[in-house]
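For reference, the structure is listed below as structure tokens.
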Amino acid sequence: MSSWKSELFCTAFNKQQLPPCENHEIVFVGRSNVGKSTLINSLLEKRIAKVSSKPGKTRSLNFYKINTNDNVTFNLVDIPGYGYAARGMDERKSWWRLIDEYFNAGRAISYVVHLIDFRHGPLAKDIELIDWLDSIGMPRLIVFTKGDKISQGRKKGLYQQHMKTGINSVLPPFITSGANNREIVSLRQGIVDVLNEMIKLDLQAERKAAKRAKK
Ligand SMILES: Nc1nc2c(ncn2[C@@H]2O[C@H](COP(=O)(O)OP(=O)(O)O)[C@@H](O)[C@H]2O)c(=O)[nH]1
Ligand SMILES: [Mg+2]
């Protein structure tokens with residue numbers, strides 16, 4: 001039993017439409033077509049995020065309220081895929097504007113789950129995003145997708161090769177393959193473990209700050 005209860009409660013196309021922030025948020029990011037919708041559907045056990053073989057045109061932030069079976073509540077935030085080459089400068093700019101506004105709206109963003117295609121490892125667009133997340137001090141959990149496209153014998157070597165590129169992840173990166181249930185169950189656990197750890201660190205930092213303020 002490791003299912004989550006989930007509910008899509010807000011779709012926001014701009015800053016004005018962002019919902020009030022009542023829970024910690026975990027943000028899912030990745031290049032268009034990386035398998036983000038597929039993974040979210042597997043995590044939530046619903047066909048709720050639209051899966052398409054063509055890079056999508058979704059420009060909205062989708063907010064799912066999640067309740068785990070340990071009674072932890074958080075928002076899973078699905079942001080639009082980035083970096084589809086055929087898109088022009090204007091779309092790139094509006095993508096960055098939306099992302100920048102969301103991340104700078106003073107919300108309780110706990111960390112980012114960054115999806116990377118296991119076949120390729122981090123590509124230029126991934127590195128651009130990583131650099132930006134570093135610049136705002138946002139921790140990340142790396143999840144490789146499409147692991148099933150690589151033969152079992154090559155998996156370990158390729159994983160090590162990707163790790164040598166200097167991947168920074170709060171837990172060793174997960175490898176997922178579409179709807180492989182075993183992988184999804186451990187990813188769900190990993191996501192909640194990292195959230196709990198982040199909340200603990202936040203509380204410690206708050207206590208320290210309160211102590212300093214008293215002195
Ligand atoms: N083989 C394989 N195909 C996948 C996997 N995840 C997604 N896909 C396929 O990749 C395409 C894009 O998936 P989608 O979830 O819509 O990607 P998104 O654009 O990142 O949301 C679809 O054709 C999916 O069926 C995976 O783990 N393994
Ligand atoms: Mg999608």
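Note that this is a predicted model, so its numbers are computed, not measured. Along the sequence shown, residues carry numbers from 1. Note that ligands are numbered from 1 as they come in the structure, with each ligand's atoms numbered from 1 the same way.
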Ligand 1 atoms in contact with [X] (distance to a heavy atom under 4.0 Å):
{"X": "Val34", "result": "20 (O)"}
{"X": "Gly35", "result": "6 (N), 7 (C), 13 (O), 14 (P), 15 (O), 17 (O), 18 (P), 20 (O)"}
{"X": "Lys36", "result": "15 (O), 17 (O), 18 (P), 20 (O), 21 (O)"}

Return yes or no for this condition: an N or O of [X] is under 3.5 Å from an N or O of ligand 1.
{"X": "Thr176", "result": "no"}
{"X": "Lys149", "result": "no"}
{"X": "Gly147", "result": "no"}
{"X": "Thr38", "result": "yes"}
{"X": "Ser37", "result": "yes"}

Review point. So, Trp4 versus Phe74, ring centres under 6.0 angstrom or not?
Key: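 Yes; Phe74 has its ring centre under 6.0 Å from that of Trp4.
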Review point. Is the distance between the ring centroids of Trp96 and Tyr82 under 6.0 Å?
Key: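 No, they do not, as the ring centres are separated by 6.0 Å or more.
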Point to revise | Part of Asp148 within contact of ligand 1 (heavy atoms, under 4.0 Å) | key: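 Side chain only.
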Review point. Closer than 2.8 Å to the Mg ion (ligand 2), do we get an N, O or S atom from Thr38, backbone or side chain?
Key: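 No - counting backbone and side chain alike, Thr38 has no N, O or S atom under 2.8 Å.
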Check your understanding: Checking Asp126 side chain against Leu123 main chain: does a donor-acceptor pair fall under 3.5 Å?
Key ->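 Yes.
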Review point. Which of the listed options, Ile175, Asp78, Leu115, Val51, holds the heavy atom that is closest to atom 24 (C) of ligand 1?
Key: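 Heavy atom nearest to atom 24 (C) of ligand 1 belongs to Val51.
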**Study point:** Close approach, Ser177 and ligand 1, non-hydrogen under 4.0 angstrom
**Key:**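 It does; at least one heavy atom falls under 4.0 Å.
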Review point. What residues join Tyr159 in its hydrophobic cluster, counting side-chain heavy atom gaps under 4.5 Å, either direct or through other members?
Key: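 For the cluster that includes Tyr159, the remaining residues are Ile116, Phe118, Ile142, Phe144, Ile150, Leu158, Met163, Ile167, Ile175.
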Practice item. Quick one: name the residues clustered hydrophobically with Leu201, using the 4.5 Å side-chain heavy-atom rule over I, L, V, M, F, W, Y, and just say none if it's on its own. Key: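 Answer for Leu201: none, a lone residue.
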Check your understanding: How many angstroms lie between CD1 in Ile127 and NZ in Lys125, if you round to the nearest 0.5 Å?
Key ->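 That separation rounds to 11.0 Å.
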